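Below: one structure, written as structure tokens.
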Amino acid sequence: MGAPRLEIDLDKIYHNARTLVERLVVRGISVTGVTKASLGCPAIATAMLRAGVLGLGDSRIENIEVMRDAQVAAPMTLIRSPMLSQVERVVKQADISFNTELDVISQLSSAAQKVKRIHGVVLMVELGDLREGIMPGCLESVVRETIRLPNIVLKGIGTNLACRCGVSPDANNMAELSALANSIDATFGPILSIVSGGNSANLEWVLSGAETGRINNLRLGESILLGCEPMHRQAIDGLYTDAITLIAEVIESKLKPSQPWGEVGQSAFGVMPSVTNRGNIFQAILAIGHQDIDPNGLQSPTGIEILGASSDHLIVESGRCLPVGTEISFQLNYSALMRAMTSPFVTKVKKSRGHHMHVSDSYDKP
Ligand SMILES: *Cc1c(COP(=O)(O)O)cnc(C)c1O
């Protein structure tokens, strides 16, 4: 089988999604399965749906279109504010979109009227992470304008933390979201059915048994695919952290000095860290690089240490000679996973119950 490749174990993804759905349902919280790190892979989406997620969320309309084309039957939410240039595609393919700009919602309304569809809107609220969101003090007026727009239904409110600045979801900011939901419902009548509290970073808060208030939905990607929570990158109890592994192949293996020689300036990807002279070492090169992965997001097997990377080469110290052709498997973090999924040079191999079900590279639809 060709390398580099991602081996995707659909049974482990199903298990992770199922476990999270079960732990959250008892707290009154539904799960939206987030597919963006898999480019909207229909097989992964289907595994999540079988596990009981309520619907699917993706940040790219292109990925939602891939899933629609593959007949994945589920409510689809665009979890990034639509571009004005894509509103027609959004109302056609997504049931709901996350929004923060009235100009966009107004154009979604026009586009939805043209195709005689109703489009759902979740308004995102800024609670401190300084990525997307309406400032809390402006929410009421945006709600007032939104509910006047034809063919638009306000479905709920939501927030997103931990992504840009690493602000933790906690009792305070979650209580603030609940209070905002209560206040909107008090002013406009009960209109909010979705109160979406956040992403995988919210799991620590919710699983600690905290009061969930009005929050009844989380959007989970990383925790389902990688089995860990993003705040401290700790494995979540009972989940697989190896549902997806990366395999790369050795193309050079030599005993080489541990230190470079000659005048040293910048390398292709910044400054080379200074290395101490440890004499000769076993250095191997794997045929994968920055174009395919985030080298800082790879975890190598014991005995193999990543020394550096350029566009197409990953350099490791192996402690022993690794013959050319040797395959090495790595664990990936979210950043490495996202890049590998997006690289056309990385084959994606999905397996289920020990069988290789489907091999596709990115020249096919995933
Ligand atoms: C990516 C994303 C998620 C999912 O985040 P994970 O950490 O992968 O669970 C949820 N909500 C929004 C708005 C996102 O952009």
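What you see is a predicted model, and the numbers here were worked out from it, not measured in a lab. First listed ligand is number 1; within each ligand, the first listed atom is number 1.
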Seminar exercise, completed: The single option from Arg60, Lys92, Gln93, Arg89 that satisfies side-chain hydrogen bond (donor to acceptor under 3.5 Å, both in side chains) with Glu65 is Arg89
Expected rows: ligand 1 N/O, protein N/O, dist below 3.5 Å:
unit_1	atom_1	unit_2	atom_2	d
ligand 1	8 (O)	Glu222	N	2.8
ligand 1	8 (O)	Tyr334	OH	3.4
ligand 1	9 (O)	Ser200	N	3.0
ligand 1	9 (O)	Ser200	OG	2.5
ligand 1	9 (O)	Gly221	N	2.8
ligand 1	11 (N)	Asn160	OD1	3.4
ligand 1	11 (N)	Arg219	NE	2.8
ligand 1	11 (N)	Arg219	NH2	3.3
ligand 1	15 (O)	Lys36	NZ	2.7
ligand 1	15 (O)	Arg131	NH2	3.2

Exercise. Applying salt bridge (Lys or Arg N to Asp or Glu O under 4.0 Å), which residue pairs with at least one partner in residues 291-304 are found, sequence neighbours left out?
Worked result: none
Exercise. What are the two closest non-hydrogen atoms of Asn199 and Cys163, and how far apart are they?
Worked result: ND2-SG, 3.7 Å
Problem set entry | Option from Leu220, Val34, Leu218 for which side chain to side chain contact (heavy atoms under 4.5 Å, CB included) with Ser200 holds | Leu220
For this session: Run the numbers on Ser141 and Glu145 for side chain to side chain donor-acceptor pair (under 3.5 Å), then give the verdict.
Result: CA-CA 6 Å; Ser141 76; Glu145 296 299 318; over 6 Å; no
Problem set entry | Validation row: Leu20, Leu239 side chains within 4.5 angstrom (heavy atoms) | yes
